[in-house]
Amino acid sequence: MKIREFAILEHERRKDKMNYKEIAERTIMQLDQNLFLEMKKELTRRYIKFVMIDDDAITPAVLSEKLYDYFTEIESVSGKNFEKLIKTYMDDMDDLIEGRIAKPNKKKGESHAVPRARRYYEHAVWVRKEKMPSLWGLTEYSRIMMCLYMSIIKEHLGIVKDFDFAAQSIDIDSILKSIEFKDNKAKKVRESTKIIAIIMYYQLKNKEITGEY
Amino acid sequence: MPDIVKVTEVGDLTEFLGSKNLLEIVIRNRNGRIKEIQKAALNNFKQDEVKEKLEDAIAILNKNNAIGEQTLQGLGKIQGLSIFNLVLSGVNLCATCAGFVIMHMELQGISNQVEDLVAQNNKIADRAKDFELRGVLAEHQDMLDCRKKQKPYSEEQMRMLVDHEVNVLEMLSDTFLGDITENKKELVFTVLSLATMLATSIRFFDEIYYYNNKENIVGGSNWHGSHPTWMHALERLLQDDFIKKVQDLGYFDMKLDALETDNFYIGFRDQIMNMKIDIEENQRLIEGLESAEVFSAVEKMTVEDVRKTVEAAFNEAGVTPEVRESILNYAVA
């Protein structure tokens, strides 16, 4: 394993418009075959229906096209374009997480160290403020927030001071089940947020580094 | 006059690179006259095929193999890798004199900072007096030198070296887990280096101990009673609290992004796991061979097999002659 001891290339971090077509080309269309099949199953099971096309015929391009129609329809009804739906996704994630991340202790005589989970949460907020809109920023934000939410789920939706930052700790089924059935704070989470979460989850999986063990 | 070119990403500029892959930018003064020409280098954002092949070769050479000093320097120039990257890649610099010279120099350069950190942060003040990083580096160097001269350390000398390295590694680990704010990267590098040294020393000790004592061992383990304690010093580096600190170091101090942090901490974790497995596999090999002479002969054969494997890999991958030569000529110390 090598580490790059220089900063991420600026063109990868540059701000850009969050155009759906570009995002789909760099995420859904780049997925490993097995991951695409998993994502297709996740989306078609709950959110997207194909009436005339057999499952075998649903390719990354077909699925991307269907999602494009979905987001276009939302825009025509709500007035929110894809970029605004990304913002909604980030707002929804923040609503689920912010209140459950422990804050530094303010009592005299006790340590005022910033809890580890809070440190990463604040970095996610910084990424959102300084590095959006960009796919890199969206991916980075999703990684931190999904890991935090997984640890919150393991604490029975309680407050967390620490968390597991490993990408392998994220399980999209657990996240979606919590949002849909268990988390009272999730009642206002839009369906578009869940779909964007699924896209971002598989983007994270596609880039995942697993190591030798 | 050509049309204005619209550039949306750095890659769009590559067609304009001049000699030595430099982009020349004209800076004009207020009158529009050319004030100066600024040369800029673009980051090489495409994965170099030769670098990929070199990485494969390093992976093959890594396994229990030593790499000569000239090879390492050559690799460093070709890949632009720091020593830290080499060690993180699993290149074992601690098994031979030539390799260890480089490690020793690197560690000497940061030993003052590390010793200060340990002294400041060690909760048990007396223990800090026993922390002699430079001492243990000199001992390890001496041990390798004696092996090279065919006058290896005795069992007692090796055991003391292992104990000393365990002590230093434990104190470094304690310091890293404490509330330090500076020089964390240097500290992690030192931890990884000490772990590599310790793993090497344990393997050497196991060989000496087993062949010296196998006739007399009655029941129980074939290995020294302190072996679990020594292994614990390595296993500690795989615990959650340590790994999380390595993640935090990568993400906040080294300003890596999430993927790069993964590369970093997983690389660290994998190297420690490899060290543990190497020790265990070495023990099985020792137990399976009837004498130290046979073991030594098998070790030499393994090195030759690796050389042949690397040559075959180069043939298949079409590695250029100059790259191949710089590695193979000095591949084994």
Side-chain angles (χ1 to χ4, degrees), chain A residues 1-17 22 111-117 119-120 122-124 126-127 131 134-147 151 161-170 200 203-213, chain B residues 7-13 42-47 51-52 54-55 58-59 79-91 179 185 238 240-241 243-252 254-274 276-277:
Chain A
M1 293 284 173
K2 306 291 187 294
I3 56 168
R4 281 189 294 170
E5 288 183 289
F6 47 85
I8 288 283
L9 300 169
E10 281 308 309
H11 81 275
E12 289 178 358
R13 288 186 171 176
R14 76 183 190 284
K15 294 187 182 184
D16 203 354
K17 292 184 182 176
E22 265 194 39
S111 168
H112 296 173
V114 177
R116 187 170 179 261
R119 251 186 122 187
Y120 280 77
E122 285 174 358
H123 187 77
W126 174 86
V127 166
K131 299 295 177 185
S134 71
L135 180 58
W136 179 86
L138 181 60
T139 310
E140 199 77 357
Y141 181 86
S142 298
R143 165 69 181 271
I144 298 172
M145 297 300 258
M146 286 189 184
C147 284
S151 292
K161 291 184 183 176
D162 197 354
F163 77 120
D164 187 350
F165 187 46
Q168 291 79 8
S169 72
I170 306 172
M200 292 317 300
Q203 171 68 355
L204 290 170
K205 281 310 230 193
N206 205 35
K207 301 285 185 187
E208 196 174 279
I209 292 167
T210 50
E212 295 175 50
Y213 301 99
Chain B
V7 173
T8 56
E9 60 180 27
V10 169
D12 294 336
L13 293 171
L42 300 184
N43 285 322
N44 178 16
F45 57 89
K46 285 185 185 166
Q47 186 72 8
K51 285 183 185 176
E52 279 182 359
L54 274 174
E55 286 174 6
I58 287 172
Q79 289 215 56
L81 290 176
S82 67
I83 299 292
F84 198 172
N85 263 321
L86 282 173
V87 173
L88 211 56
S89 307
V91 172
D179 292 323
K185 184 180 164 185
L238 299 170
D240 271 352
D241 58 348
I243 293 296
K244 282 178 180 176
K245 285 269 187 180
V246 175
Q247 283 175 332
D248 295 350
L249 168 67
Y251 207 54
F252 292 109
M254 294 167 67
K255 309 258 184 255
L256 306 176
D257 72 3
L259 269 184
E260 291 180 320
T261 300
D262 289 347
N263 216 7
F264 177 47
Y265 90 84
I266 291 172
F268 178 91
R269 186 194 68 196
D270 283 355
Q271 287 322 309
I272 304 297
M273 281 296 296
N274 283 337
K276 272 192 55 179
I277 289 169

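Chain identifiers are assigned alphabetically (A, B, ...) following the order of the sequence lines, protein sequences preceding nucleic acid strands; residue numbering begins at 1 within each chain.
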- Query: Is the NZ or CZ atom of A:R143 positioned over A:F165's six-membered ring, under 6.0 angstrom from the centre and within 45° of the axis?
  - Reply: yes
- Item | Under 3.5 Å donor-acceptor, B:T261 side chain and B:Q247 backbone | no
- Exceeds 12 heavy-atom contacts within 6.0 angstrom, atom NZ of B:K244: yes
- Which atoms of A:R119 come close to chain B, meaning under 4.5 Å heavy atom to heavy atom: side chain ones, backbone ones, both, or neither? both
- Examine whether an atom of B:D240 lies under 4.5 Å from a heavy atom of chain A, and if so say whether it belongs to the side chain, the backbone or both; otherwise answer neither. neither
- Message: Quick check against the 3.5 Å criterion: does A:Q168 have a side-chain atom that pairs as donor or acceptor with the backbone of A:I209?
- Response: yes
- Message: Taking side chain as everything from C-beta outward and backbone as N, CA, C, O, which of these in A:L204 sits under 4.5 Å from a heavy atom of chain B? Side chain, backbone, both or neither.
- Response: neither
- Message: Taking side chain as everything from C-beta outward and backbone as N, CA, C, O, which of these in A:A166 sits under 4.5 Å from a heavy atom of chain B? Side chain, backbone, both or neither.
- Response: both
- Message: Show the nearest heavy-atom pair for residues A:M145 and A:A124, with the distance to one decimal.
- Response: SD-CB, 4.1 Å
- Note on the structure: Whatever's closer than 4.5 Å to a heavy atom in chain A on B:I277 counts as side chain
